[in-house]
Amino acid sequence: MSETASLNLGDKTYELPVTTGSENEKAIDISKLRDQTGYITLDSGFKNTGCTKSAITFLDGEQGILKYRGYPIEQLAEKASFLEVAYLLIYGELPTQSELDNFQAQLSQHALLHEDYKKFYDGFPPKAHPMGQLVSLVSSLSAFSPESLNPNPSKDDINLTIIKLLAKMPTIVSWIYKGSLGEPFIYPQNKLDYVSNFMNMTFGQVTHEIEIDPVVVDAMNKLLILHADHEQNCSTSTVRIVGSSEANLYASISAGVSALWGPLHGGANQAVIEMLERIKEDGGDTDKWIAKAKDKNDSFRLMGFGHRVYKNFDPRAKIIKKACDDILAKLGINDPVLEIAKKLEAAALSDPYFVERKLYPNVDFYSGIIYRALGFPTDLFTVLFALGRLPGWIAQWKELRENKEPIGRPRQIYVGETERDVVEIAKR
Ligand code: SDX
């Protein structure tokens, strides 16, 4: 006998089916609720609403658990490369060596951008925010890939579109950075692996070869893995709902980049560093800023703290915090904002305001300190988040299309004016 939920409305009782996931999560299936009862549900911010069944990522906010296709994030961060994790998210299994080599070869083949594509960069003013550029540049890929606009794409069409986007994103991102410096673009090098190639295009020079520090490449791999997917967060839900209209992959991912830009979401990593710098300039009085974060009359929030789902700790933040210490030590960097971050964390975790609201450091709290240590400018941090999240967005879009999910179209409860007659302007 499958489990049901009873709903009493007036003198009627309705039995609603309950769905149980592979990790024993439970959902009341309301897909026929309105037809049966005339009622809809209301859930601002979708805090209690599932939009899909997905086999990609599982997270448990109470236990601080995050797994990609069943593999714990802690193990993937230690034992896999970002490209292996991208393959896992998109195709469902970790690759064998030959599968990974073939995947890397396909990406190398498509890492270049059409020479006409470079003209887009000329149109941005030097201080244009990198996320605004990325939104435009990702969507513009469809202009150079007609197969991506096929209304009934074959599996090969879809896979080619995926490969092209994954291959070109490091080039697009590194050229945004080079463009901001007025430096010549560095082209992809097939002899380099995915992350080393990105680091070379970002920090390389046309005048000479640069040494790419393996410590830096390892740190970047780890950061990208930790950002790779996170089930139905704001930007992934955006990618899904745009994809549900059968918009092409580039348009769907571009929409996800837009959603990620917000300071409450991926934009938080930039906001955290700006906050830490502000506290440092202000003398480093963390107690003063904790008080501001708690003050309802003060718009200041502790950026990098709190999470919609994690109500214990963000497992990614724990890994990044340790990586922060390791990498700064290995690179011999002493960043004063790291100490301020640790003081803030310690103060917040012992303060009832944060404890009662279950506010802990999230993925964005320490990541910016590492990005800065690796040489990236602050306004590029959220773009780096997008680079990491790309395989997750792609996997979720692919799953939605393969499952032929319906176009997303939520309902509402209308609270505006009831019917009234128009009065001509002369009589108003
Ligand atoms: C990401 O969803 C994902 O998975 C996202 C992400 C991913 O990988 O995709 O994990 C990436 O977006 C991480 C979050 C990055 N954002 C920030 O660090 C911005 C700061 N955090 C907050 O804005 C907030 O915590 C959110 C947006 C993350 C979560 O907001 P919720 O779940 O809507 O919670 P809320 O705003 O309703 O807050 C509940 C209470 C409120 O106080 P009360 O009204 O109950 O008195 O907690 C307070 C809030 O005022 N609060 C904070 C706070 N976060 C929440 N108070 C001070 N500082 C904060 N950071």
Side-chain angles (χ1 to χ4, degrees), residues 43-51 54 56-62 64-68 73 77 85 89 131 223-240 256-276 279 286 288-320 341 344-345 347-349 351-369 381-382 384-393 395-396:
D43 183 20
S44 177
F46 308 116
K47 296 188 177 185
N48 306 280
T49 298
C51 64
S54 177
I56 299 169
T57 290
F58 170 75
L59 65 83
D60 180 324
E62 282 66 35
I65 292 170
L66 175 59
K67 294 189 266 193
Y68 297 159
I73 190 70
V85 170
L89 289 168
M131 282 297 277
L223 279 169
L224 294 172
I225 288 169
L226 292 168
H227 286 82
D229 193 51
H230 214 237
E231 53 130 282
Q232 305 309 316
N233 58 83
C234 177
S235 53
T236 300
S237 303
T238 302
V239 169
R240 275 186 168 261
V257 175
S258 294
L260 188 73
W261 194 357
L264 296 187
H265 190 15
N269 57 17
Q270 172 176 344
V272 167
I273 288 293
E274 289 167 348
M275 171 188 76
L276 294 173
I279 295 172
T286 47
K288 167 186 169 184
W289 290 88
I290 290 278
K292 284 171 65 68
K294 292 159 57 179
D295 180 356
K296 289 301 170 201
N297 300 315
D298 191 322
S299 61
F300 175 76
R301 280 199 150 182
L302 205 53
M303 301 312 280
F305 252 76
H307 198 276
R308 171 60 56 77
V309 179
Y310 288 123
K311 299 304 175 188
N312 191 334
F313 60 89
D314 183 334
R316 303 167 298 176
K318 288 180 89 170
I319 298 170
I320 291 176
L344 271 177
E345 179 186 9
L349 296 187
D351 185 302
Y353 173 93
F354 293 89
V355 174
E356 284 157 16
R357 291 167 179 79
K358 301 183 182 221
L359 304 176
Y360 299 88
N362 59 47
V363 66
D364 294 307
F365 191 63
Y366 286 102
S367 54
I369 297 172
F381 289 179
T382 311
L384 298 173
F385 191 145
L387 183 63
R389 185 53 53 88
L390 181 61
W393 284 334
Q396 300 269 352

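Keep in mind that what you see is a predicted model, and the values were worked out from it rather than measured. Both ligands and their constituent atoms are indexed starting at 1 by order of listing. Sequence positions, counted from 1, serve as the residue numbers for this chain. Keep in mind that the numbers below use all heavy atoms, side chains included, and drop hydrogens, waters and symmetry copies.
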Ligand 1 to Phe305 polar contact by distance, N or O atoms, under 3.5 Å: yes

Nearest candidate to atom 57 (C) of ligand 1, where distance is taken over non-hydrogen atoms, out of Ala259, Ser235, Ala293, Gly267: Ala293

N or O contact, Leu264 vs ligand 1, cut-off under 3.5 Å: yes

Could you establish whether Arg389 and ligand 1 come within less than 4.0 Å of each other, counting only heavy atoms on the residue side? yes

What atoms of ligand 1 come within less than 4.0 Å of a heavy atom belonging to Met303? 18 (O), 19 (C)

Report the C-alpha distance between Met303 and Leu276 in whole Å, list the side-chain angles of each, state the deciding distance to 0.1 Å, and finish with yes or no for side chain to side chain contact (heavy atoms under 4.5 Å, CB included). CA-CA 9 Å; Met303 301 312 280; Leu276 294 173; over 6 Å; no

May I ask you to check whether His307 and His230 place their ring centres under 6.0 Å from each other? yes

Check for me whether Gly45 has a heavy atom closer than 4.0 Å to any atom of ligand 1. no

Specify the closest pair of heavy atoms between Pro361 and Ala317, including all atoms of both residues, with the distance to one decimal. O-CB, 3.5 Å

N or O pair under 3.5 Å between Leu302 and ligand 1: yes

Quick check on atom 37 (O) of ligand 1 - does any protein heavy atom sit closer than 4.0 Å to it? yes

So, regarding His230 and ligand 1 (criterion: nitrogen or oxygen to nitrogen or oxygen, under 3.5 Å), is there a contact or not? yes

Would you say Leu359 and ligand 1 have an N/O pair spaced under 3.5 Å apart? no

Would you call Arg316 a ligand 1 contact, heavy-atom distance under 4.0 Å? yes

Closest non-hydrogen atoms of Asp43 and Asn48, given as atom of the first, atom of the second and distance, are OD2-N, 2.6 Å

Taking 4.0 angstrom as the limit and counting only heavy atoms of Gly304, give me the atoms of ligand 1 inside it, by number and element. 17 (C), 18 (O)

May I ask whether Tyr353 places a heavy atom under 4.0 Å from ligand 1? yes

Glu231, Arg301, Lys292: member with heavy atom nearest to atom 41 (C) of ligand 1: Arg301

Cation over ring, Arg357 on Tyr353, under 6.0 Å and within 45°? yes

Tell me whether Asn269 contacts the main-chain N or O of Gly368 through its side chain, where contact means a donor paired with an acceptor under 3.5 Å. no

Ignoring hydrogens and geometry, is there a side-chain-to-backbone donor-acceptor pair from Arg308 to Gly45 under 3.5 Å? yes

Lys292, NZ atom: more than 12 neighbouring heavy atoms under 6.0 Å: yes

Residue, atom and distance of the protein heavy atom nearest atom 14 (C) of ligand 1 read Asn362 ND2, 3.5 Å

Quick one: look up the protein heavy atom nearest atom 40 (C) of ligand 1 and list residue, atom name and how far away it is. Arg357 CD, 3.9 Å

Search all heavy atoms of Asp60 against all heavy atoms of Glu62 and return the closest pair with its distance. OD1-N, 2.9 Å

Heavy atom of protein inside 4.0 Å of atom 30 (O) of ligand 1, strictly below: no

Identify the closest protein heavy atom to atom 15 (C) of ligand 1: which residue and atom is it, and at what distance? Asp364 OD2, 3.3 Å

Ranked by distance from atom 12 (O) of ligand 1, the top protein heavy atom is His265 ND1, 2.9 Å

Would you say Lys47 contacts ligand 1, with heavy atoms under 4.0 Å as the rule? yes

Who's the nearest protein heavy-atom neighbour of atom 28 (C) of ligand 1, and how far? Gly306 O, 3.6 Å

I need the minimum non-hydrogen distance between Gly306 and Leu359, along with the two atoms involved. CA-CD2, 3.8 Å

Of the listed options (Arg308, His307, Gln232), which comes nearest to atom 5 (C) of ligand 1 when hydrogens are ignored and any heavy atom counts? His307

Tyr360-Tyr310 aromatic ring centre distance below 6.0 Å: no

Against Val85, only a single residue in Ile225, Asp229, Leu224, Ile73 fulfils side chain to side chain contact (heavy atoms under 4.5 Å, CB included); can you say which? Ile225

Closest non-hydrogen atoms of Thr236 and Trp393, given as atom of the first, atom of the second and distance, are OG1-CD1, 3.3 Å

Pick from Val272, Asp364, Leu349: which one makes a side chain to side chain contact (heavy atoms under 4.5 Å, CB included) with Phe305? Leu349

Check each heavy atom of His227 against ligand 1 and say whether those closer than 4.0 Å belong to the side chain, the backbone, both or neither. neither

Under a 4.0 angstrom heavy-atom cut-off, which atoms of ligand 1 come close to Lys296? 42 (O), 43 (P), 44 (O), 46 (O), 50 (O)

Atom 1 (C) of ligand 1: any protein heavy atom closer than 4.0 Å: yes

Atom of Phe354, atom of Ala293 and distance for their closest heavy-atom approach: CZ-CB, 4.0 Å

Side-chain donor/acceptor of His265 to backbone N/O of Trp261, under 3.5 Å: no

Taking only non-hydrogen atoms of Ala268 and a 4.0 Å limit, the atoms of ligand 1 in range are 15 (C), 16 (N), 17 (C), 18 (O)

Quick look: Lys294 vs ligand 1, heavy-atom contacts under 4.0 Å, and the answer is neither

